[in-house]
Peer 1: 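Have a look at this one.
Numbering of ligands and ligand atoms starts at 1, following listing order.
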Amino acid sequence: MKSDLLNLTEDQRTIRDLAREFAKNEIAPYIAEWDENAYFEPSIVQKMGDLGFLGMLIPEEYEGLGLDTSTYLIALEEIAVVDASTAVLMSVHNSLPTQMILRFGTDEQKNRFLPGMARGEILGAFALSEPDAGSDAAALTTQAVHEGDEWVLNGTKSWVTSGNHAGAIITMARTDTPRDRKGARGIGAFIITPDLPGFHVGKKEDKLGLRASPTVQLTFDNLRVPATNLLGLPHMGFVYAMQSLENGRLGIAAQAVGIARAALEAATAYAAERHQFDRPIREFQAIQFKLADMATRVAASRTLLHAAARAKDRGENVKQATSMAKLFASETAMFATNQAVQIFGGYGYVKDYPVERLFRDAKVTEIYEGTSEIQRIVIAREQYHEHR
Ligand SMILES: Cc1cc2nc3c(=O)[nH]c(=O)nc-3n(C[C@H](O)[C@H](O)[C@H](O)COP(=O)(O)OP(=O)(O)OC[C@H]3O[C@@H](n4cnc5c(N)ncnc54)[C@H](O)[C@@H]3O)c2cc1C
């Protein structure tokens, strides 16, 4: 885009350029192969930790960078332009587990986990979904029973991003009893580490897109968790998870903006190179209009995203704004990647060019951390609250 609508500060430009360089040198050369083989490169985590990308929102006292949300999202967009898989690892780690420990953890938990998470030694994951509890996440059935100074967990978590490489998995499990179900107010949040007895990694999903990001099932078979790993109050885990997802959605929106921008950049370059009827295809108005619509939606998504991020940092209620940003950006990612494949014609449909991968990667942004239908429900509900 020609003008910088975000009016980045000098520090933000520096971090953007650092993220751009990292993605260009450490990810871009390998991503086609990782995507093809559904391969996750573990060394990427330490490299991101060394550069500070895994502690962007962690305060300096816990060895993070203590940055504002917008700056974090600028870095995330740059990574997502090159690889949506690495971007989701970064988004989940920064927005969910680290933030939950920071907001709801004890001093002991913060000291135990946050410095290692900021340094990239402990990768974070978030386990809410279950095979039969997706959009209706409060219907989860993994059970936690308090026994002495431990909690014993039994159940299965599905779709856990980075779950087979994580060192700290924030897991939501029922703390109410089967006889006295309390719905969303009967769920606790636990910090699970993979060394605990009874922790098993199950099926790894074979996905349409985001193939370099491992998504796994986790099973807990009498998993014994020290009581010191319970986060906050035993019945409030679902509330903590929902509050954290509100912010997590900004990360997914930034990922979607990155995917959409990558599609726009690739299609703009291709339209100048590709000749048909003795002229570059960008001279056809049909192509120009597609590029214009893509560019407009990318700019609108990014603007909405950063307006929501700034409102969050001012301490405002951003429930509706974060859902709007996630909804609009993810639909923009689908729109832009679809248009890009069209502009590439047959070459867009094969793996020789990146738009085929972008098209596959875009879809999940409309599904995880709340589907587009769920975002519309949240937006409508907040609208109703406002006018009551
Ligand atoms: C690649 C990937 C990574 C993921 N990573 C994680 C992770 O790290 N941690 C985690 O906990 N989860 C994760 N998820 C799970 C994800 O959050 C869920 O897939 C998502 O919340 C939707 O749940 P579901 O798949 O069970 O779909 P369902 O809830 O079964 O929905 C099916 C369809 O019904 C619609 N629907 C459902 N309820 C309503 C309603 N009330 N009104 C209108 N429409 C409705 C949905 O929008 C959707 O279109 C991941 C998923 C994927 C695909």
Peer 1: Any idea which atoms of ligand 1 are less than 4.0 Å away from a heavy-atom of V364?
Peer 2: 1 (C), 53 (C)
Peer 1: Which atoms of ligand 1 have any heavy atom of I377 under 4.0 Å away?
Peer 2: 40 (C), 41 (N), 42 (N)
Peer 1: Any protein heavy atom at under 4.0 Å, with atom 4 (C) of ligand 1 as the reference point?
Peer 2: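 Under the 4.0 Å cut-off, atom 4 (C) of ligand 1 does have protein heavy-atom neighbours.
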Peer 1: N/O to N/O below 3.5 Å, does that happen between V160 and ligand 1?
Peer 2: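 So ligand 1 has no N or O lying under 3.5 Å from an N or O of V160.
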Peer 1: At what distance is the nearest protein heavy atom to atom 8 (O) of ligand 1, and which residue and atom is it?
Peer 2: T161 N, 3.0 Å
Peer 1: Under 4.0 Å from a heavy atom of E369: which atoms of ligand 1 are those, numbered in the order shown and with their elements?
Peer 2: 17 (O)
Peer 1: In terms of residue, atom name and distance, what is the protein heavy atom nearest to atom 20 (C) of ligand 1?
Peer 2: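 Its nearest protein heavy-atom neighbour is I367 O, 3.6 Å.
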Peer 1: Out of curiosity, is V92 lining ligand 1, as in a heavy atom under 4.0 Å away?
Peer 2: no
Peer 1: Among M172, Q375, R211, E373, which one has a heavy atom closest to atom 49 (O) of ligand 1?
Peer 2: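 That would be E373.
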Peer 1: With atom 23 (O) of ligand 1 as the reference point, say which of G134, P97, G248, S85 has the nearest heavy atom.
Peer 2: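 It is G134 whose heavy atom sits nearest to atom 23 (O) of ligand 1.
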Peer 1: Hydrophobic side-chain clustering at under 4.5 Å (ILVMFWY, transitive links): who's grouped with V216? Put none if nobody.
Peer 2: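 Answer for V216: W151, L153, V160, I169, F190, I192, L196, F199, V201, L218, F220, L223, V225, L230.
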Peer 1: Taking distance alone, with N or O pairs closer than 3.5 Å, would you say I374 contacts ligand 1?
Peer 2: no
Peer 1: Do any non-hydrogen protein atoms sit less than 4.0 Å from atom 38 (N) of ligand 1?
Peer 2: yes
Peer 1: What do we get for T371 next to ligand 1 when only non-hydrogen atoms under 4.0 Å count, side chain, backbone, both or neither?
Peer 2: side chain
Peer 1: Show the nearest heavy-atom pair for residues K207 and R211, with the distance to one decimal.
Peer 2: O-NH1, 2.8 Å
Peer 1: Quick check on atom 34 (O) of ligand 1 - does any protein heavy atom sit closer than 4.0 Å to it?
Peer 2: no
Peer 1: For the residue pair F344 and Y270, categorise the inter-ring angle as parallel (less than 30°), tilted (30 to 60°) or perpendicular (more than 60°).
Peer 2: parallel
Peer 1: With side chain to side chain donor-acceptor pair (under 3.5 Å) as the test, pick out the partner of Q320 among Q383, H385, E246, E382.
Peer 2: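 Only match with Q320 under side chain to side chain donor-acceptor pair (under 3.5 Å): Q383.
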Peer 1: Are more than 12 heavy atoms, taken from residues, nucleotides or ligands other than D50, located less than 6.0 Å from that residue's CG atom?
Peer 2: yes
Peer 1: In terms of atom number and element, which parts of ligand 1 are under 4.0 angstrom from non-hydrogen atoms of K207?
Peer 2: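 Here the atoms of ligand 1 in question are 1 (C).
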Peer 1: Taking atom CD of Q342 as the centre, does the number of heavy atoms from other residues, nucleotides or ligands within less than 6.0 Å exceed 12?
Peer 2: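 Counting other residues, nucleotides and ligands, CD of Q342 stays at 12 neighbours or fewer.
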Peer 1: Determine which pairs satisfy salt bridge (Lys or Arg N to Asp or Glu O under 4.0 Å) with at least one residue from residues 60-70, sequence neighbours left out, and list them in order.
Peer 2: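 Listed by first then second residue: E63-R119.
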Peer 1: Evaluate the 4.0 Å heavy atom contact test for atom 10 (C) of ligand 1: does a protein atom fall under the cut-off?
Peer 2: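 Answer yes: something from the protein, a heavy atom, is under 4.0 Å.
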Peer 1: Which residue and atom name correspond to the protein heavy atom nearest atom 13 (C) of ligand 1, and how close is it?
Peer 2: W159 O, 3.1 Å
Peer 1: Just by modelled atom types, is the G370 backbone N or O under 3.5 Å from a matching donor or acceptor in the K326 side chain?
Peer 2: yes
Peer 1: Are any of the N/O atoms on S135, whether in the backbone or the side chain, positioned under 3.5 angstrom from an N/O atom of ligand 1?
Peer 2: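 N/O-N/O distance under 3.5 Å: yes.
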Peer 1: Which heavy atom of R297 sits nearest a heavy atom of F328, and at what distance?
Peer 2: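 Minimum heavy-atom contact is O-CE2, 3.9 Å.
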Peer 1: So, for F40 and I44, which heavy atoms are closest and what is the spacing to 0.1 Å?
Peer 2: CE1-CG2, 4.3 Å
Peer 1: For residues Y72 and M56, report the shortest heavy-atom separation together with the two atoms involved.
Peer 2: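 So the two residues come closest at CD1-SD, 3.9 Å.
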